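Below is one structure; the comments refer to it alone.
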Amino acid sequence: MSLLSDLINLNLSDTTEKIIAEYIWIGGSGMDLRSKARTLNGVVSDPHKLPKWNYDGSSTGQAPGEDSEVILYPQAIFKDPFRRGNNILVMCDAYTPAGEPIPTNKRYNAAKIFSHPDVVAEEPWYGIEQEYTLLQKDLKWPIGWPVGGYPGPQGPYYCGAGADKAFGRDVVDSHYKACLYAGINISGINGEVMPGQWEFQVGPSVGISAGDELWVARYILERITEIAGVVVSFDPKPIAGDWNGAGAHTNYSTKSMRSDGGFDVIKKAIGNLKLKHKEHIAAYGEGNERRLTGRHETADINTFSWGVANRGASVRVGRDTEKAGKGYFEDRRPASNMDPYVVTSMIADTTILWKP
């Protein structure tokens, strides 16, 4: 008799050319990931050759019940680490039946910015540091923490090892390998300052692909925590008090910044970011005011600052960049629950297209 695990792991290519495509989209809250699967007659490598599909937007907070149909447009394809074989994950964005992007479709405007000739010429690179917290499913309290209590103070947990310091490493390593399998440009992982909190990095990725890759990496993490029976939280300050929050530091460079004389370009770009600080903060994630307090390696939310190797600044420039006179900078303001389509495109718009 077959075990459930045997059936889940069936290799479809032994008996059929058909594959399973899991269509992924972002729901009405802007952070809830939804997905459903369909059968395709064979392997497809170009997302624009995949069929569009519809879903009930009234059940995701994206359409009224009397006109509930929302259309999914496939935009990026990744290998499926859960079904494996030739099966795929498909990142989609959402439109009305008339072809208009729905209000929660942030990818549409981002793609317009990234397709602007001036932005294309600058080849914007992104590296996003996604922090998150693993919670006990029924208690919504960080894993490894005593029920109703607190662990020892921060200090030994960052990049720590050992059963009393690192909680959830099996989930983290599973996610790391699953992202590599999927074709996501995940570049590393580490334990964070608060116990039960971790980080993975995606990049360097160019333009719109940074948003596609980070969203699919989040989806894979949601699926793995589902299997493991824990909950992933992207709340920017999951535990009040003397505990670090969770961010999504966004490292950024353009072709001009990476070329000789690039440090001057970086300083000009940072000047633009300072002038549009309020607009960026408003778009950098909900609840960020609980995180950006000027403590716990953050700058105050109301004040823009930058510095070399300063983790208490809004924007940090690395020592290597200063020394080389070219390179990249890190925007440390985005919260862990930010939309990467919004943040990456806004940084490109402010630093390349916007003229103060």
Side-chain angles (χ1 to χ4, degrees), residues 110 113-114 118-131 185 187-188 190 199-211 213-214 245-285 288 291-292 294 297-336 338-356:
I113 290 170
F114 284 122
D118 294 352
V119 177
V120 172
E122 281 290 353
E123 294 176 21
W125 291 3
Y126 298 90
I128 302 173
E129 305 170 29
Q130 175 69 71
E131 294 179 337
N185 193 21
S187 45
N190 60 268
E199 173 185 300
F200 66 89
Q201 303 94 32
V202 168
S205 304
V206 181
I208 197 73
S209 64
E213 292 187 20
L214 190 72
H249 301 156
T250 301
N251 299 276
Y252 170 71
S253 71
T254 63
K255 196 172 185 179
S256 298
M257 294 175 192
R258 298 187 294 268
S259 304
D260 290 342
F263 198 23
D264 288 334
V265 182
I266 287 171
K267 286 189 278 190
K268 183 175 182 298
I270 292 172
N272 283 13
L273 290 173
K274 180 178 181 178
L275 293 173
K276 298 197 82 171
H277 176 63
K278 284 186 178 178
E279 293 93 325
H280 279 253
I281 286 294
Y284 273 16
N288 214 6
R291 168 181 162 260
L292 296 181
E297 301 180 65
T298 71
D300 181 81
I301 194 167
N302 297 309
T303 308
F304 183 91
S305 60
W306 77 277
V308 176
N310 182 359
R311 283 182 160 76
S314 309
V315 170
R316 179 183 69 88
V317 174
R319 290 266 179 229
D320 288 347
T321 294
E322 181 188 45
K323 186 176 178 182
K326 58 185 177 182
Y328 70 97
F329 65 82
E330 174 193 40
D331 190 339
R332 297 179 59 81
R333 296 172 295 171
S336 50
M338 63 81 154
D339 186 327
Y341 293 135
V342 173
V343 169
T344 57
S345 61
M346 196 172 195
I347 292 172
D349 189 32
T350 297
T351 60
I352 300 171
L353 299 179
W354 185 64
K355 308 300 180 194

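The first residue in the sequence is number 1, and the count goes up from there. Just so we're clear, the structure is a prediction, and the values are computed from it rather than from any experiment.
In plain terms, the two heavy atoms of Lys255 and Ala121 that are nearest each other are CD-O, 3.7 Å. Nearest heavy atom pair, residue Ser253 against residue Arg258, reads OG-NH1, 2.8 Å. Nearest heavy-atom pair, Ala313 versus Gly307, reported as atom, atom and distance to 0.1 Å: CB-N, 4.0 Å. Of all non-hydrogen atoms in Ala283 and Met346, the two that sit nearest each other are CB-SD, 3.7 Å. Counting all heavy atoms, side chain and backbone alike, Gly285 lies closest to Ala335 at CA-CB, 4.1 Å.
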Before giving the answer on side chain to side chain contact (heavy atoms under 4.5 Å, CB included), spell out for Arg332 and Ser314 the whole-Å C-alpha distance, their side-chain angles and the decisive distance to 0.1 Å.
CA-CA 5 Å; Arg332 297 179 59 81; Ser314 309; over 6 Å; no
Residues Gln201, Glu199; criterion side chain to side chain contact (heavy atoms under 4.5 Å, CB included); working and verdict:
CA-CA 7 Å; Gln201 303 94 32; Glu199 173 185 300; 2.5 Å; yes
Evaluate Val317 against Phe263 for side chain to side chain contact (heavy atoms under 4.5 Å, CB included), listing each step before the verdict.
CA-CA 10 Å; Val317 174; Phe263 198 23; 3.9 Å; yes
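Taken to the nearest 0.5 Å, the CZ atom of Arg291 stands 10.0 Å off from the CD atom of Glu297. To the nearest 0.5 Å, atom CG of residue Leu214 and atom CD of residue Glu129 are 11.5 Å apart. To the nearest 0.5 Å, atom CG of residue Asp264 and atom OG of residue Ser256 are 11.5 Å apart.
Within the 3.5 Å criterion, the main-chain N or O of Gly262 finds no donor-acceptor partner in the side chain of Ser259. A donor-acceptor pair under 3.5 Å is formed between the side chain of Glu131 and the backbone N or O of Gly247. Checking side-chain atoms of Glu330 against main-chain N and O of Asn251 turns up no donor-acceptor pair under 3.5 Å. Checked by atom type and distance alone, the side chain of Thr250 never pairs as donor or acceptor with a backbone atom of Ile128 at under 3.5 Å.
Scored by the side-chain contact (heavy atoms from CB on, under 4.5 Å) test, Ser205 finds Asn185, Val202, Ser209, Ala210, Glu213 as partners (sequence neighbours excluded). Listed by chain and residue number, Tyr252 satisfy the ring-ring contact (aromatic ring centres under 6.0 Å, His included) test with Phe329 (two or more places apart in sequence, or in another chain). Qualifying side-chain hydrogen bond (donor to acceptor under 3.5 Å, both in side chains) partners for Asp300, counting only residues two or more places apart in sequence or in other chains: none. By the side-chain hydrogen bond (donor to acceptor under 3.5 Å, both in side chains) test, Thr298 pairs with no residue at all, sequence neighbours left out.
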Side chains of residues 266-279: which donor-acceptor pairs under 3.5 Å do they make with residues two or more places apart or in other chains?
| from | atom 1 | to | atom 2 | distance (Å) |
| --- | --- | --- | --- | --- |
| Asn272 | ND2 | Thr350 | O | 2.9 |
| His277 | ND1 | Arg333 | NH1 | 2.8 |
| His277 | NE2 | Ile301 | O | 2.8 |

Enumerate, atom names and distances included, each donor-acceptor pair closer than 3.5 Å involving a side-chain atom of residues 318-327, sequence neighbours excluded.
| from | atom 1 | to | atom 2 | distance (Å) |
| --- | --- | --- | --- | --- |
| Thr321 | OG1 | Tyr328 | N | 3.4 |
| Thr321 | OG1 | Tyr328 | O | 3.4 |
| Lys326 | NZ | Asp260 | OD1 | 3.0 |

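Each of Val119, Ile113, Thr344 was evaluated against Pro124; a single residue qualifies, Val119, per the side chain to side chain contact (heavy atoms under 4.5 Å, CB included) test.
Looking at Asp331 and Tyr284, their side chains come closer than 4.5 Å, going by heavy atoms from C-beta outward. Phe114 places none of its side-chain heavy atoms less than 4.5 Å from the side chain of Val120.
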